[in-house]
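Everything numeric in this text was worked out from a predicted model, so none of it was measured. Order of the sequence lines fixes the chain letters, A, B, ..., with proteins taken first and strands second; residue numbering starts at 1 for each chain.
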2 protein chains.
Amino acid sequence: MTTKNPPTKSATRTRNLQRSRQEILDAAFIEVFKNGFQGVSVDEIIKKTDLTKGAFYHQFPTKMDLGYALVEEVITPMILDRWILPLENFKNPLEGILVQLQKNIGEVEIDQLKLGCPLNNLVQEMAPVDKGFKKKLETALELWIDKIEWHLKRGKKAGYLSDDVSPRDAANFIVMAHEGFYGMVKGLSDPSLVKSLFKSIKIYFKSISN
Amino acid sequence: MTTKNPPTKSATRTRNLQRSRQEILDAAFIEVFKNGFQGVSVDEIIKKTDLTKGAFYHQFPTKMDLGYALVEEVITPMILDRWILPLENFKNPLEGILVQLQKNIGEVEIDQLKLGCPLNNLVQEMAPVDKGFKKKLETALELWIDKIEWHLKRGKKAGYLSDDVSPRDAANFIVMAHEGFYGMVKGLSDPSLVKSLFKSIKIYFKSISN
DNA sequence: ATCGTAAAATACCATTTAGTATGTTGTCAG
DNA sequence: CTGACAACATACTAAATGGTATTTTACGAT
């Protein structure tokens with residue numbers, strides 16, 4: 001009974017609320033990433049989809065709600081995936097952070113980098129404009145900082161960080177450096193910039209290391 | 001002859017191209033600062049003025065041109081005024097930068113801070129969207145970095161900076177820290193954040209000082 | 001098989017938007 | 001004093017925008 005597999009046919013070509021939601025979120029993420037939230041229209045988003053406006057407003061009451069969902073369902077998992085989870089593999093968290101910086105910034109094509117950081121983009125654009133946005137964005141940012149702080153704490157216990165450094169202060173500064181990093185790359189074309197900023201971050205890391 | 005003073009009357013209540021331009025720029029700066037460039041309309045801007053659309057489009061061919069003028073005629077002078085010119089008074093540029101950070105960030109009302117840095121806001125929002133914007137913004141950012149670098153060089157000559165620190169690298173990092181600073185304050189409500197970031201910046205400054 | 005409902009499509013609307021066309025008025029040279 | 005032109009005002013438009021009203025269709029339960 002209840003054979004979950006569809007008989008034949010091209011498998012998953014039916015109606016599916018979750019799939020449609022994901023399809024809209026994926027398309028929206030790209031467009032918002034490229035043009036900003038206020039710079040993209042609902043029509044443009046659904047045009048990148050094989051769905052229509054009816055499906056959009058069946059999922060999201062307003063355009064703002066799409067924005068909130070972007071932060072919670074796309075951007076937050078992306079941050080954890082790129083910046084937090086990989087740190088598990090490093091005994092020294094500072095080393096792990098540097099490696100991830102190298103992977104996520106140093107080794108990414110410049111065209112992608114020019115679009116900035118999805119989270120930071122929205123913070124800069126939407127935090128002062130809409131309170132709902134600000135709250136979701138703040139939650140994501142705090143999560144990021146909290147996780148970094150947690151890893152720094154264990155790194156400190158393991159003796160990698162100086163005794164007189166506050167993990168919270170360092171976590172704040174590190175996330176700040178991430179955002180600043182993206183911001184600078186976005187604004188400048190200087191090809192030596194990434195290396196230059198890297199050098200300075202390493203200097204800071206050394207100054208808080210044992 | 002040619003009595004430049006108007007006879008009586010409320011003095012400067014006549015037509016004046018420059019004054020009108022400045023009036024539009026001032027109003028536009030505030031609105032764009034609050035809502036982003038794409039988040040504000042020409043109609044809203046002129047509503048904050050005692051001029052009309054005719055005056056606006058007499059000054060600026062398009063809305064984009066207003067944006068360009070904002071960068072060149074309002075934001076760039078503001079940066080020089082806030083972050084560069086005051087450094088003349090300090091033999092040690094690092095000390096001057098810290099003092100200006102304190103003045104321009106530490107002592108400003110939080111409501112104002114929440115709006116971010118006018119330059120960084122536009123970089124994040126408009127650099128990937130419009131090439132004209134990107135060019136103007138890049139010019140402004142480069143000017144900022146160049147001036148900081150110049151002051152660091154003289155500071156190095158005077159013996160305040162370590163011999164092995166590159167003024168260019170440090171200048172890049174310092175401007176990056178400014179932008180990151182604003183970005184974090186914009187995204188978070190943590191009242192201890194400013195002090196926390198300050199501490200870290202001081203640590204970095206010490207690590208490149210003699 | 002069919003029926004109710006959720007998922008999605010289609011057509012439509014009021015408002016807002018950047019920009020234009022044209023009219024009006026202040027100012028200044030002669 | 002008087003044109004002439006620059007500095008502005010007013011009225012308008014075509015397109016885009018977020019959102020809605022209504023209809024169609026797939027799917028699971030019975």
Side-chain angles (χ1 to χ4, degrees), chain A residues 1-25 27-28 31-32 35-70 126 129-130 132-133, chain B residues 1-25 27-28 31-32 35-70 126 129-130 132-133:
Chain A
M1 289 301 120
T2 64
T3 322
K4 283 298 165 79
N5 285 0
T8 42
K9 286 265 176 182
S10 62
T12 50
R13 268 286 161 232
T14 75
R15 294 188 167 181
N16 184 325
L17 190 64
Q18 289 185 44
R19 175 208 313 283
S20 295
R21 184 181 185 86
Q22 198 58 47
E23 194 177 345
I24 294 172
L25 284 173
E31 293 306 304
V32 170
N35 302 99
F37 184 78
Q38 295 177 319
V40 89
S41 69
V42 174
D43 290 278
E44 280 179 51
I45 292 172
I46 60 166
K47 208 177 289 174
K48 305 280 175 179
T49 296
D50 52 2
L51 298 166
T52 62
K53 219 166 200 178
F56 183 97
Y57 280 100
H58 187 64
Q59 301 270 355
F60 307 103
T62 73
K63 190 193 172 192
M64 280 293 176
D65 289 287
L66 163 72
Y68 303 161
L70 275 179
M126 297 306 296
V129 172
D130 179 85
F133 247 114
Chain B
M1 290 300 122
T2 65
T3 322
K4 283 297 164 81
N5 283 1
T8 43
K9 286 264 176 184
S10 62
T12 50
R13 267 288 162 230
T14 76
R15 296 189 165 183
N16 184 324
L17 190 64
Q18 289 187 43
R19 175 208 314 282
S20 296
R21 183 182 186 87
Q22 199 58 47
E23 193 177 345
I24 293 171
L25 283 174
E31 293 305 303
V32 170
N35 301 99
F37 184 76
Q38 295 178 320
V40 90
S41 69
V42 174
D43 289 278
E44 280 179 51
I45 293 171
I46 61 167
K47 208 177 290 176
K48 306 281 175 175
T49 297
D50 53 2
L51 298 166
T52 62
K53 219 164 202 181
F56 183 96
Y57 281 99
H58 187 64
Q59 300 270 357
F60 308 103
T62 74
K63 190 193 172 192
M64 280 291 175
D65 289 287
L66 163 72
Y68 304 160
L70 275 179
M126 297 306 296
V129 172
D130 179 83
F133 246 115

Open item on the list: Whether A:S20 contacts C:dA7 is assessed here as follows: a side-chain N or O lying under 4.0 Å from the phosphate OP1 or OP2. Is that the case?
Closed with: no

Open item on the list: If the cut-off is 4.0 Å, is B:T14 near the phosphate of C:dG26, judged by side-chain N/O to OP1 or OP2?
Closed with: no

TODO: Whole angstrom is fine here: how far is it from CG in A:L17 over to C1' in D:dA26?
DONE: 14 Å

Task: Distance, rounded to the nearest Å, where B:I46 contributes CD1 and C:dT16 contributes P - done: 14 Å

TODO: Name every residue in residues 51-65 of chain B that has at least one heavy atom under 4.0 Å from any atom of DNA chain C, in order of residue number, or write none if there are no such residues.
DONE: B:K53, B:Y57, B:T62, B:K63

- [ ] Could you tell me which non-hydrogen atom of B:D43 sits nearest to which non-hydrogen atom of B:I46, and how far apart they are?
- [x] O-CG1, 3.2 Å

- [ ] Considering non-hydrogen atoms only, spot the tightest contact between A:L17 and A:Q59 and give its length.
- [x] O-NE2, 2.9 Å

Task: A:E31 CD - D:dG18 P separation (whole Å) - done: 13 Å

Task: Closest non-hydrogen atom pair, A:L70 against A:L25 - done: CD2-O, 3.6 Å

Open item on the list: Please report the distance, rounded to the nearest Å, between CD in B:E44 and C1' in C:dT15.
Closed with: 13 Å

Open item on the list: Can you measure B:I24 atom CD1 to D:dA7 atom P for me and round it to whole angstrom units?
Closed with: 12 Å

Open item on the list: So that I know where these two stand, are B:F133 and B:F37 an aromatic pair - ring centroids less than 6.0 Å apart?
Closed with: yes

TODO: Tell me what A:Q38 touches on the nucleic acid: a base, only sugar-phosphate, or nothing, going by heavy atoms under 4.0 Å.
DONE: nothing

Task: Those residues that, when tested against B:Y57, pass ring-ring contact (aromatic ring centres under 6.0 Å, His included) (two or more places apart) - done: none

Task: Atom pair distance, as rounded to whole Å: CG in B:D43 and P in C:dT20 - done: 14 Å

TODO: Give the minimum heavy-atom separation between A:A27 and A:I45, together with the two atoms involved.
DONE: CB-O, 4.1 Å

Open item on the list: Rounded to whole Å, how long is the line connecting atom NZ of B:K47 with atom P of C:dA18?
Closed with: 12 Å

TODO: Might you point out which heavy atoms bring B:Q38 and B:M126 nearest each other, and give the distance in Å?
DONE: CG-SD, 3.9 Å

Task: Nucleotide D:dA26, atom C1' - distance to CZ of A:R15 in whole Å - done: 5 Å

